[in-house]
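Hydrogens, waters and symmetry mates play no part in the numbers below; they use all other heavy atoms, side chains included. In what follows, chains carry the letters A, B, and so on, assigned in the order in which the sequence lines appear, proteins first and then strands, with residues in each chain numbered from 1.
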Number of protein chains: 2
Amino acid sequence: MDVRTKILEEATRLFAAHGVDGTALQEIADAVGVKKPSLLYHFPSKEALHASVLEDLLSRWNEIVPRLLHAVAREDRFDAVLDACIAFFTADPDRARLLLREAIDRPGEMRALLSTHVTPWLGVMAESIKKAQADGSMRKTVDAEAYILQIIHMVIGTFTVGATVQVLLGHSGSNGRPKRGSIDPRLTAELKRVARIALKQE
Amino acid sequence: MDVRTKILEEATRLFAAHGVDGTALQEIADAVGVKKPSLLYHFPSKEALHASVLEDLLSRWNEIVPRLLHAVAREDRFDAVLDACIAFFTADPDRARLLLREAIDRPGEMRALLSTHVTPWLGVMAESIKKAQADGSMRKTVDAEAYILQIIHMVIGTFTVGATVQVLLGHSGSNGRPKRGSIDPRLTAELKRVARIALKQE
DNA sequence: CCTACCGATCGGTAGG
DNA sequence: CCTACCGATCGGTAGG
């Protein structure tokens, strides 16, 4: 693996864990196994590295968007879309942490990111819900756009603080505790149940 | 207002906005209108100030917990509990941001805070749901503890990134845009609708 | 509650 | 990709 890729990987991990401000270039350099000035040979500044990390994340997100838009046109669309989102963050929970930190640390930049990468498919999905409301297959009380945002809150919440809050789940079952850092399947199962039942008529 | 209180107020605001690591004692001192060493006269260290800010937040939370536990015993309990939580964070959205940052920046400390301040009433509420499931007034498919955690994800999400993501809500109505920094009522209304319908039978 | 100051660490640069 | 180094800022202290 080339050094540039290794730098992006370690920077992603550390930015997600401690935030951009909370991560020193020295820490990233140590994790990669190079000296600090070498980072600034590959990326002109910390801000440029930060931007590259976000670009990397968003390009991976854009890989699955076509699949999402395809799923919207099918019958079981919303289960499929939700499954795809959950799979995206399961593959690397750092993605959720990174997006959440960006939203609270730099709301202005995040608004720009959302307008570019979220508005399109959110609009398509909201229209799809409204059509289904018109022909009676989905609850008429659903506020389509607000509903989608609240589902996103659950998804992001599950993958950012899920590993922390799940100590509150009683593990009464005898089949061992979940692996450290992983998400309890009860959280994702309940998320899907809530999302489905709040949307579909009967 | 005495200086100590002013320091706690400004520290709360800045910690919520930029994180503890992202806030210099100098910034807090400037906001209060004193010199930096004066902060360290009132609080022995930045860490001690951070701890005091969290204590302040949790003591305000504990003020409403009795009201919450009382509401659980009533008929309209869950609407009332949710309204109380929404009111708590509406009074100061910094509370949500502070809690969320603590959860992602210091998961270990957050787990301790949750065990002390959340486990008790979460247990009471979960038992209340299970009893209602037994007598058929609530859906048997609800995973009580996981359900409560997902509702918390929506509440915290609404108050931390709601002001940012709500640019995605179409403001088709003619009654002006919402005030800057405030939460669009569509988000809280949909949150309450989703929470209610996912829980109650029929 | 202040002035004056400390060592450590920050992001970044010069030069090879 | 390295050594050597920069000014700025960090949390915190001495002394009044």
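In secondary-structure terms, DNA chain D builds stems of at least 3 consecutive Watson-Crick or G-U pairs, each pair having both distances under 3.5 Å, at C:1-16 with D:1-16.
Following rounding to the nearest Å, B:Phe43 (CZ) and D:dG12 (C1') show an atom-to-atom distance of 16 Å. Atom-to-atom, CG of B:Leu40 to P of C:dC5 comes out at 19 Å; the value is rounded to the nearest Å. Spacing between atom CG of B:Leu25 and atom C1' of C:dC6 amounts to 15 Å, rounded to whole angstrom units. For the pair B:Leu49 CG and D:dC10 P, the computed distance is 15 Å after rounding to whole Å. For A:Tyr41 and D:dA4, the OH to P distance is 21 Å, given to the nearest whole Å. Note: NE2 (B:His50) to P (D:dG11) measures 13 Å, nearest angstrom. The distance from atom NE2 of B:His42 to atom P of D:dG12 is 16 Å, rounded to the nearest whole Å. Note: NZ (A:Lys46) to P (C:dT9) measures 15 Å, nearest angstrom.
Sorted by residue number, the members of residues 26-38 of chain B with any non-hydrogen atom under 4.0 Å from DNA chain C read B:Val34, B:Lys35, B:Pro37, B:Ser38.
Annotation: cation-pi geometry satisfied between A:Arg95 and A:Phe88 (NZ/CZ under 6.0 angstrom from ring centroid, within 45° of ring axis).
Ion pairing between a basic and an acidic side chain is recognised when a charged N comes within 4.0 Å of a carboxylate O; A:Asp56 and A:Arg60 show such pairing.
Atom OG1 of A:Thr23 is separated from atom NZ of A:Lys46 by 6.5 Å, given to the nearest 0.5 angstrom.
Side-chain contact of A:His50 with A:Glu47: a donor-acceptor pair under 3.5 Å is absent, judged by distance alone.
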